[in-house]
Amino acid sequence: MSVSYAHAAQTESYYLIEEIPFSAENGLSEAQSNIVVTAASEDGEFIAGNALSFRTYFRFYDFANRTTYDYGCQYASEVCSLFNEGEGSFYDLYRKRLREQRSTLYQSNVLAFLAERNVSGSHSDGKNISPLPQWSTINEKLFIFDEQTNSDYTTDTRVNHIDSELGWAVGYDSAPFSISTETYYTREFIQRGFAYNLFTQAKVSLLPTAFNSSGDLADDRGGLSAGLTTIEQDGRILVIGLASVGYSNSDSFGECQRGEEQSYYRCSGFNTQAWVWDITDAQDGDEVTGQALVDGYARSRYSNAPNYNYLNDYNGEFFVGLSSDDVYDSYNGSRGRAAIYTDNGDGSYQVNRIPNIRIDGDNDQFDDSVSHTWANAVNQQNLVVGNLRYVEVKSRNRPVEGFVYDANESSENYETVNWPLRNKPFSGANSEFADINNHGLIVGWKDGATEEQPAYNGTTRRQTAMLLDYQRYLDGETTFNWSLNQLTCYEQDGEAHLPLYRMEYATHINDEGEIFASGYHYQTANDFIYGVNPRPVLLKLVRNPAVTDIDDLAVCPSLEEQKYQRKGAANIWLGLILLPLVFVRRFIKK
């Protein structure tokens, strides 16, 4: 189904859409409003994601990533209270997840799934092109430490990275709860990293280290670990992640576990360090002990908030991520700063804050205005993409702004930080960068075209997934970024068609230009225009071989971004669907 507009040209879309379907089973039906892509293999054949079943204003919930808890609610106070308090709210479920259970069995609220592409079926998008492969239906969560035969799913799971060449997916899972008395539930650990073999289904536990005098993990209240990425080095398969190395202080762990909102800056209660595990010879059920990868943090003078290093990506030369900072010891404390981790030459790495990151305005206020900066991805040209999140209000919004850092020492732009979408189209606009490929193509999301209203104490702005060509930006091209909805519009048989998808978050792009994103699909044009009755979807966008020039595209009217009034206006908007060429524009090649 698509929205159609009369037009005489015959132009294919730049991207073709593959939908990754899932069925409403094993908890996914309760989580359809929070389905996101968390990992995708470089070859585009595997995808993993999360589905959340609790109310939250967090876009991407990650228990192991400290920045989760400092996102902040921008809605009116009454709305924020609904998110944070009461039965089924984030803080209610968070307390149950962290603390040992008493009389109520904890049910999974963070459900991970893993899907593999297959070659059966056909691709149907109304175009006269060769069929594309479809994906198998996702119909159950990924089981790591829970038993699949157990009807009580009690673990929260996340996949952070997939390497189909090495054959492993890595992430973390919590321990299953079990009943120890008639009314008392318990579990062995809070969170444990894992490596999951894509082909044999072998499951390997990634242990943290014991850090008290007994040397027993049980005495360290379970400890915490997570797998973040997988690399091959000297013929060995290594998992890079994080592991607990101590409590941030004697009170922080307990105060975090009690689950009071004002104490979440202390979570997870552990100081965590970058860690490495060798899983080359690991077998199903093995528990692998690792060792520290990095010595120290960006800065670390805390008394209450935890120290942490969190590595997001690796390009064969260095890692990128974020490291703890010591700006405040308060509710807004435990700031993270974008970092590059370089090899010391002996297998260990040192942390280096990315220089020259600035805010728009008085940089004497940087620490007061910024909660976190972090690096998400790096390519073979040493271009690093990351983001800056404000804790103070900028133009009635707490925006996130995407940056590109040039870490190539031979480049004329070495150590330059650019902000391609800062304050575009207005001050305080959001732009978040998630990934970059080796051709300098960046994916992420930004405010929808008409999302201009003040956000703080109002409503957060709807996001639209986008593609950005960094080289075109450097070359001064007028057009260097596009919404994915623009790139899936096409003209056929004298009509322009806009598929009824709202693509919101683009999280991964590979060197073939294939993009993974999440969003919503609508059954009718009327639902699409008004944004009602959405069906959440995971999407893979595949480059159309019939289109080689991004400057020669059919771009439909951005009805998905239009403002509207609910005053019986449906007939007016449906009438606009029939309007001709005036609503269709093209990119004109220079």
Nearest heavy atoms of [X] and [Y], plus distance in Å:
X: Val37; Y: Leu538; result: CG2-CD2, 3.8 Å
X: Asn312; Y: Asn376; result: CB-O, 3.4 Å
X: Ser427; Y: Lys394; result: OG-CE, 3.9 Å
X: Thr154; Y: Tyr106; result: CG2-O, 3.1 Å
X: Tyr310; Y: Asp62; result: OH-OD2, 2.7 Å
X: Phe516; Y: Phe46; result: CZ-O, 4.4 Å

Using a 3.5 Å distance criterion without hydrogens, assess whether the side chain of [X] forms a donor-acceptor pair with backbone atoms of [Y].
X: Asp435; Y: Ile509; value: yes
X: Asp146; Y: Pro176; value: no
X: His372; Y: Arg389; value: no
X: Asn379; Y: Asn437; value: yes
X: Asn387; Y: Val400; value: no
X: Thr38; Y: Val159; value: yes
X: Asn423; Y: Gly428; value: yes
X: Asp173; Y: Gly171; value: no
X: Asp156; Y: Val110; value: yes
X: Arg502; Y: Phe528; value: yes

Checklist entry - Under 6.0 Å between the ring centres of Trp445 and Phe60? => result yes

Item to check | Option among His508, Glu514, Glu512 that satisfies the side chain to side chain donor-acceptor pair (under 3.5 Å) test with Asn510 | outcome: Glu514

Just how far is it from atom [atom1] of [X] to atom [atom2] of [Y], taken to the nearest 0.5 Å?
X: Ser518; Y: Glu504; atom1: OG; atom2: CD; value: 7.0 Å
X: Thr479; Y: Arg472; atom1: OG1; atom2: CZ; value: 6.5 Å
X: Ile20; Y: Ile47; atom1: CD1; atom2: CD1; value: 3.5 Å
X: Arg398; Y: Glu392; atom1: CZ; atom2: CD; value: 7.5 Å
X: Ser13; Y: Asn485; atom1: OG; atom2: CG; value: 12.0 Å
X: Leu484; Y: Thr464; atom1: CG; atom2: OG1; value: 7.0 Å

Could you check if a side-chain atom of [X] sits within less than 4.5 angstrom of a side-chain atom of [Y], using non-hydrogen atoms only?
X: Gln471; Y: Asp469; value: yes
X: Phe433; Y: Met466; value: yes
X: Ser371; Y: Tyr390; value: no
X: Ser431; Y: Arg422; value: no
X: Thr488; Y: Tyr501; value: no
X: Thr155; Y: Ile144; value: no
X: Asp360; Y: Trp419; value: no
X: Phe177; Y: Leu105; value: yes

Checklist outcome for this item: The side chain to side chain contact (heavy atoms under 4.5 Å, CB included) partners of Ala429 (sequence neighbours excluded) come to Pro425, Phe426, Asp447

Item to check | side-chain hydrogen bond (donor to acceptor under 3.5 Å, both in side chains) assessment of Ser41 paired with Asp43 | outcome: CA-CA 5 Å; Ser41 61; Asp43 61 10; 2.6 Å; yes

Item to check | Stepwise side chain to side chain contact (heavy atoms under 4.5 Å, CB included) check, Val170 with Leu228 | outcome: CA-CA 6 Å; Val170 297; Leu228 300 178; 6.0 Å; no

Checklist entry - Considering the options Arg117, Lys540, Arg535, which one meets the salt bridge (charged side-chain N to carboxylate O under 4.0 Å, His left out) requirement together with Glu19? => result Arg535

Item to check | Heavy atoms from other residues, nucleotides or ligands near CD of Gln453 exceed 12 (cutoff 6.0 Å) | outcome: yes

Checklist entry - Do you see a donor-acceptor pair shorter than 3.5 Å between the side chains of Asn544 and Tyr490? => result no

Item to check | Test log, rule side chain to side chain contact (heavy atoms under 4.5 Å, CB included), inputs Thr507 and Val36 | outcome: CA-CA 9 Å; Thr507 55; Val36 297; 5.9 Å; no

Checklist entry - So Asp511 and Glu42, side chain to side chain contact (heavy atoms under 4.5 Å, CB included) or not? Walk me through it. => result CA-CA 8 Å; Asp511 287 340; Glu42 174 60 30; 3.8 Å; yes

Next on the checklist: Quick one, Asp152 with Gln107, criterion side chain to side chain contact (heavy atoms under 4.5 Å, CB included). Give me CA distance, side-chain angles, the key distance, then yes/no.
Outcome noted: CA-CA 7 Å; Asp152 296 320; Gln107 298 294 316; 4.0 Å; yes

